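So the structure is just underneath, and the comments pick up after that.
Convention: sequence-line order gives letters A, B, ...; per-chain numbering from 1. The structure presented is a predicted model; accordingly, all values stated were derived computationally and were not measured. Hydrogens, waters and symmetry mates play no part in the numbers below; they use all other heavy atoms, side chains included.
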Amino acid sequence: MSQRLLVTSALPYANGSIHLGHLVEYVQTDVYVRFRKACGDDVTYVCAADSHGTPIEVNAAKAGVTPKAFVEKYRAEQHEDFRRFGVDFSTYYTTDSEENRRWAYRVYDALKAKGLVYKKSVEQLYCETDRRFLPDRFVKGTCPVCKTPDQYGDVCESCGTTYDPRDLVEPYCAICRSKPVIRTSDHAYVNLRKPEVFSVIEGWVNGEGHLVPSVREQVKGWLADLQDWCITRDEPYFGFPVKDPDFAGKYLYVWVDAPIGYLSSAEHYFAAEAPEGRRLAPAEFEARYLAPGAASRMEHFIGKDILRFHAVFWPAMLWATGLKLPDRMPVHGHLTVNGEKMSKSRGTFITGKTYLDSGLDPELLRYFYASNLSPGIYDVDLSLDEFRNRVNADLVKRIANLASRVHALVAKLPGELSRPAGVDTGHDLQRAAERAVQTARDAYRELEYRTALRAVNDLADAGNKALQERKPWEAPDSAPSRALLYDLTKALHAVAVALAPVLPRFCGALAAALGDVPLAWPEGFTPFDGRPVRFAAKPPQIAPVDAKQVARLIAAAPEAPKAPAKVAKAASPSETATKVSAKAAPPPPGVIQYDDFARVELRVGLVKAAEKVEKADKLLKLAVDVGEPEARTIVAGIAQAYPDPQALVGRRIVVVANLAPRALRGITSQGMLLAAGEPPNLSVVTVADSIAPGTRVK
RNA sequence: GGUGAGGUAGCUCAGUUGGCUAGAGCGAGGGUCUCAUAAUCCCUAGGUCGGGAGUUCGAUUCUCCCCCUCACCA
């Protein structure tokens, strides 16, 4: 029976690019959405850029653009990145919209009407230079416990202590470095302990199917000691100003209007973006999707870092507003790379673009994620070796290869291929295929992707095994051979259907090759429909992934690590503002193998020209001869150490020649040079004049 | 420190009411076919089931203590 669903992924903050950590969630959600659509369900997949908050306001100002323009740039970029990974949103809107403004006020008013909002005076650090209150991430200082300098206002990255920003020793503003003062401000708080709202939250958390048990336990732990929630922020802020005269001059906290963005973006989709036949006026949309008891499911896919907002505050907001509560909230873990947190200094902070630039097929990442995803809250580890093994073993050697084998054999047969009656091939592929499809169907629904993909692989195993045992190439046109090849072709149809949510493009091509077979996945689906089979084309192939290719993901990191920085350098506000955990890397001994070193291609380069980069204090643009027909352009942050760039011309320096190109100040840098020290006491590494440009350094 | 989740073969994980010689996939080692992208298929690998104690005829599966990892919170 067809169901109506509203599915969401968390809204990415419009302050940076999409990275592989984001993609875990969007791939998980997209696979589910595609699966449900194939099943015939009516699915709307809503997402948007989370566009408000202090970091965006500050970074936009720094960039000299309006917050709206700033946000739109990232919104468009994110949407495009997602598209290239096959994430097929119905809409990718923004929380800075008129629809969201309307919804946000409505929710605020509803909370107020329920008597849940009260005023409380709080002390905060205030920067008199910037004339603003400083959020935790915008004040730094010395940890009051372990005395490590330059720690954020909420937590020490060295000793892990969390504290109040007011406890920092020698606090300073992360924007202008001046010393903040303490000021008080009146804010709006939501009383979540009031019995009527508390019982709603508790009831939802304990509701069947809403949260998996381990997540439920976590949330119940919070409920035992529930704090009230501050829902306003001081100006300057980028967001919706509170209309309530009790809180004049305040703005709604970004975490209030962000989840509301699910509703407003969906409303916008149905009102303005949906195909003609699917358009709905806002009132109609609300009645069909949001009203209590509406015949529609609402499912929110989120990461574990934002569970509190979604599992505690969000049900309260929905309830107060008189809307239905979510039907399911799948929570996934974070992404690690080679077993560790993504880290810029280690080069494992991989953006979607870096992945795409490496030349790897985005669908391979989808497959790897899916093969490691379960409904649980486990972290997914992108081990580069594991990634390569998984793809090569499953997709290349097993599945694509089976299609290739079957096609080659069938292509040699004359005419159409029908199933000869009464032939026992010794392998019940029909039963195997139908069972695999059923197993996968149940598994996708429960987000047990690992199980679903296991079932598909088992089916392909059975196919390869049958070929191996029956050897149809020995008597291609015999009845047993024809029967087996017929069954195998049908089994491939099952593979295409069951794999399509994860690999839509590959499976689309496979289905086309099988003669435009449908990829719909109705209840009880079986590819054994009795129709003759005929390949329309060669099935799609998948190139094996080699180690060099995946190594590029890391080698292509923006900045090669030199020495692991002991203390995070005074990061720019844009870095402090990112939602990505920027915890200091534990300093491991970091012993590497020779092969690791050999991947870095160091060459001698002769500096042919050098000049300052306009509007950049630290950058020099060099033309360097590294033994290639054309000199390379290299942009390096060494200007402070070389006030006269001409001094560099004629020097023989050492260049990392296989570093992925990267744009700096609009100039594409085709490598980096080695230098010792920190500016201004910095020196580029040079070699004797007797060494020719292009010579390998090792 | 509090709360929660985990710690099973090199890796990723299954093990739903305690019980046959603890399983799968990948990797690794050996063998094999040759239709297929040097792809397949077969065999093998012996992991104190984090450590200790207890309950029991018997515990990876129950209880207690400890160690370690992760997340959230103060």
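- Of all nucleotides present, none satisfies the Watson-Crick or G-U wobble test against B:rG27 with each distance under 3.5 Å.
- Here the straight-line distance linking atom NE2 of A:His407 with atom CG of A:Leu485 works out to 12.0 Å at 0.5 Å rounding.
- Put simply, CG on A:Asp228 is 13 Å from P on B:rA74, counting in whole angstrom units.
- Look at B:rC35: it lacks any Watson-Crick or wobble partner with both distances under 3.5 angstrom.
- To the nearest whole angstrom, the two C1' atoms, one in B:rG7 and one in B:rG47, are 14 Å apart.
- Base engagement by A:Pro544 is indicated by at least one non-hydrogen atom pair under 4.0 Å involving a base atom.
- Closest-nucleotide positions on RNA chain B for A:Ala460 and A:Gln541 were compared, and the one nearer the 5' end corresponds to A:Gln541.
- Distance, A:Leu307 CG to B:rC70 C1': 15 Å, rounded to whole Å.
- One finds a salt bridge joining A:Arg388 and A:Asp385 here, because a Lys/Arg side-chain nitrogen approaches an Asp/Glu carboxylate oxygen to under 4.0 Å.
- With hydrogens and angles left out, the side-chain atoms of A:Thr336 and A:Asp381 include a donor and acceptor closer than 3.5 Å.
- Side chains of A:Asn464 and A:Gln468: no donor on one and acceptor on the other come within 3.5 Å.
- Among the candidates A:Trp255, A:Trp229, A:Tyr253, the single residue satisfying the ring-ring contact (aromatic ring centres under 6.0 Å, His included) test with A:Phe313 is A:Trp229.
- Summarising the geometry, the separation between CG on A:Asp546 and P on B:rA39 is reported as 12 Å, rounded to the nearest angstrom.
- Ring pair A:His210/A:Trp204 is parallel by interplanar angle, where below 30° counts as parallel and above 60° as perpendicular.
- Regarding A:Leu373, its CG atom lies at a distance of 21 Å from the P atom of B:rG25, rounded to whole Å.
- The P atoms of B:rG25 and B:rG4 are separated by 37 Å, rounded to the nearest whole Å.
- For A:Leu492 and B:rC35, the CG to P distance is 19 Å, given to the nearest whole Å.
- The residue A:Ile542 sits close to a base: some heavy atom pair falls under 4.0 Å.
- A:Asn372 and A:Tyr449 are not linked by any side-chain donor-acceptor pair at a separation below 3.5 angstrom, with hydrogens and angles left out of the test.
- Between the P atoms of B:rC66 and B:rU3, the separation comes to 12 Å (whole Å).
- Between the CG atom of A:Asn457 and the C1' atom of B:rU12 there is a distance of 14 Å, given to the nearest Å.
- Across every strand in view, B:rC62 sits in a pair with B:rG54 that passes the Watson-Crick or G-U test at under 3.5 angstrom.
- Separating the C1' atom of B:rG23 from that of B:rC33 is a span of 29 Å, rounded to the nearest Å.
- Between A:Arg450 and A:Lys412, the residue whose closest nucleotide on RNA chain B is further toward the 5' end is A:Arg450.
- In this structure, B:rC49 forms no base pair with any nucleotide, since neither Watson-Crick nor G-U wobble geometry is met with both distances under 3.5 Å.
- In the set B:rC33, B:rC35, B:rU40, the nucleotide with an atom closest to the side chain of A:Asn464 is B:rU40.
- Rounded to the nearest Å, the gap between the P atom of B:rA22 and that of B:rA9 is 14 Å.
- A:Leu488 places its CG atom 13 Å from the P atom of B:rC41, with the value rounded to the nearest Å.
- No side-chain donor from either of A:Tyr369 and A:His332 sits under 3.5 Å from a side-chain acceptor of the other.
- In this model, no donor atom of one side chain and acceptor atom of the other lie less than 3.5 Å apart for A:Glu434 and A:Gln438.
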Which pairs, protein N/O on one side and nucleotides 26-32 of chain B N/O on the other, fall under 3.5 Å?
residue : atom : partner  : partner atom : Å
B:rC26  : OP1  : A:Arg398 : NH2          : 2.7

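- One side chain, A:Tyr367 or A:Asp394, offers a donor N or O that lies under 3.5 Å from an acceptor on the other.
- Look at the C1' atom in both B:rA39 and B:rG50: the space between them is 41 Å, to the nearest Å.
- Only the P atoms considered, B:rC20 is 33 Å distant from B:rA28, to the nearest whole Å.
- Spacing between B:rG10 and B:rC57 at atom C1', rounded to whole Å, works out to 37 Å.
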Close N/O contacts between protein and nucleotides 2-4 of chain B (under 3.5 Å):
none

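- Look at B:rC72: its Watson-Crick or wobble partner, with both distances under 3.5 angstrom, is B:rG2.
- Distance CG (A:Asn392) to C1' (B:rU37): 11 Å, rounded to an integer number of Å.
- When each of B:rU37, B:rC33, B:rU40 is scored by its nearest atom to the side-chain atoms of A:Asn401, the top-ranked nucleotide is B:rU40.
- The six-membered or imidazole ring of A:Tyr118 lies away from that of A:His187, with a centre-to-centre distance of 6.0 Å or more.
- For A:Arg308, the side-chain atoms get nearest to B:rC73 when compared with the rest of B:rC73, B:rC13, B:rA36.
- Because its NZ or CZ atom is both nearer than 6.0 Å to the ring centre of A:Tyr32 and within 45° of the ring axis, A:Arg328 counts as a cation-pi partner of that residue.
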